[in-house]
Protein chains: 2
Amino acid sequence: MNIGDVAALSGLPAKTIRYYEDIGLVKPLRSANGYRSFRESDAHKLAFLGRARALGFSIEDCRNLMALYEDEHRASAEVKDIAEHHLERIDSKIAELKEMRATLAHLVDACAGDHRPDCPILADLAKEQSGEDRLENTA
Amino acid sequence: MNIGDVAALSGLPAKTIRYYEDIGLVKPLRSANGYRSFRESDAHKLAFLGRARALGFSIEDCRNLMALYEDEHRASAEVKDIAEHHLERIDSKIAELKEMRATLAHLVDACAGDHRPDCPILADLAKEQSGEDRLENTA
DNA sequence: CTAGGGCTTCCATTCACTGGAAGGTCAACT
DNA sequence: AGTTGACCTTCCAGTGAATGGAAGCCCTAG
C-alpha cells in the first residue's frame, strides 16, 4: 500500500503519517522507487493511533499504548493507569473551561452589545486587582 | 518600573512580558542602561492582558480587545462579538472533551486493571473500523 | 510525449510561550 | 576597591502535533 491508501483507510492525512514515521510510530518499508510501502499491520497501527489521538491521548501516551498493545505479557493495569491519568487531565481541562465559560457568559450577558462604548466585559478585564491581589500589594 | 516589578504586579512571567513586547502588545520605554522602563499604563495593560488570557482569549483577540479598550468611540457590540465567538469556541471545546471523557470513562470502567493482558481499552483502540467506515470501505 | 496525479524530501510556520547561554548592570557588603 | 548575587539584556532553540508549500521524481493514460 502506498501512503495515499493508508491515509484513506486510517482517515489520517498523508502528512501526518509521514510525521508519524518521522517520530518512529510506524516503520513502513520502502519500494524500489522510494515510495513508502505499508503492510496491513502498519495500516492497523495507524488506525489505532488515529483512534487514540481522537480520544485525546498525547503522542507519548500513544507510543506507550502501542507498546502495551504489542506486548502479549502486558498487565491491563498499565493500560488502565495511562487511561486514568488521561481522564484526570480531561477532567481538569473541562473544569478549567467551565470556569472560563461561567465568567465569560456572565460578562457577555451583562453587555448591552450596542453602539455605545460602555462595556462590562472591558470593565472587568481592566479592573483593579482582586481582593487577594490587593492584600498582597498592600502588605 | 523594571520588568521584575511589572511581573510581580501583573502576575505574568518576565519572559512573557518580553514576548508581549516582541509581538507589539506593550511598548515600554527604555532607561539609559538599556533596561525596559514600564509606566503605570504599561502595568495596567499587562494586567488586562493577563486577565484576558486567563479567560482563554487568543493573543489576537487580546490585541483587538486592547484596541477597543483604548478606543473611546468603540461600540460595545464589537466587544460582545469577540466575547461571544470565544464563548462558542469554549462551548465546542467542552463538548468535545465531554465526549472523549464519556468514551474513555466507559472503557476505563470496563478494564479490570490487573496483571492479566486482556484489556477492553486496547481492544477498542484496535478494533476494526466502525459502522460508517465499513460502509464507506465496502462501497 | 505530455499532462496529471501521486509520491519524495526539506524547510518554514503555527501558538504562546519557555529554557538556557553569555554577558551587562546595580546595590550591598566586605 | 573588589566581589558577590540579584537583576537585567539579547539571541537561539525547543515545546506538541502537526500543517503548508516548494522543488522535483515516478507512473500511467491518452
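Excluded from the calculations below are hydrogen atoms, water molecules and symmetry mates; all remaining heavy atoms, backbone and side chain alike, are included. Chain A is the first sequence line, chain B the second, and so forth, proteins listed ahead of strands; every chain is numbered from 1. These numbers come from a predicted model, not from an experiment.
The side chain of R63(B) places no N or O atom within less than 4.0 Å of a non-bridging phosphate oxygen (OP1 or OP2) of dC15(C). Residue Y35(A) has no polar side-chain atom (N or O) positioned under 4.0 Å from OP1 or OP2 of dC25(D). At the phosphate of dC27(D), OP1 or OP2 sits under 4.0 Å from a side-chain N or O atom of N33(A). Close to dA17(D), at under 4.0 Å from its OP1 or OP2, lies no side-chain N or O of T16(A). Side-chain N/O atoms of R18(A) include none lying less than 4.0 angstrom from OP1 or OP2 on dC11(C). Between R53(B) and dC17(C) there is a side-chain polar atom (N or O) within less than 4.0 angstrom of OP1 or OP2. At least one side-chain nitrogen or oxygen of R36(B) sits closer than 4.0 Å to the OP1 or OP2 atom of dT10(D).
Within 4.0 Å of I23(A), counting heavy atoms only, lies no atom of the nucleic acid at all. Nucleic acid contact for Y20(B): sugar-phosphate only, since backbone atoms but no base atoms lie under 4.0 Å from a heavy atom of the residue.
In this entry the distance linking CG of D22(A) with C1' of dC10(C) reads 10 Å, nearest Å. R30(B) places its CZ atom 17 Å from the P atom of dG24(C), with the value rounded to the nearest Å. Put simply, OH on Y19(A) is 6 Å from P on dA18(D), counting in whole angstrom units.
No side-chain donor-acceptor contact under 3.5 Å links T16(B) to the backbone of L12(B). Formation of a donor-acceptor pair under 3.5 Å by the K80(B) side chain with backbone atoms of C111(A) is found in this model.
Comparing D5(B) and K15(B) against DNA chain D, the residue whose closest nucleotide sits nearer the 5' end is D5(B). Toward the 5' end of DNA chain D, the nearer of the two residues E60(A) and E21(B), judged by each one's closest nucleotide, is E21(B).
Side chains of N2(B) and S37(B): a donor-acceptor N/O pair is absent below 3.5 angstrom, by distance only. Using modelled atom types and a 3.5 Å distance limit, the side chains of D114(B) and S76(A) yield a donor-acceptor pair.
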- prompt: Does the side chain to side chain contact (heavy atoms under 4.5 Å, CB included) test come out yes or no for I82(B) and I121(A), once each step is laid out?
  reply: CA-CA 10 Å; I82(B) 294 176; I121(A) 302 171; over 6 Å; no
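For I59(B), the listed nucleotide lying nearest its side chain is dC17(C); candidates were dT19(D), dC17(C), dC27(D). Minimum atom distance to the side chain of N2(A) is reached by dC7(C), of the listed dT9(C), dC7(C), dA17(D). Minimum atom distance to the side chain of P13(A) is reached by dT19(D), of the listed dC26(C), dC27(D), dT19(D).
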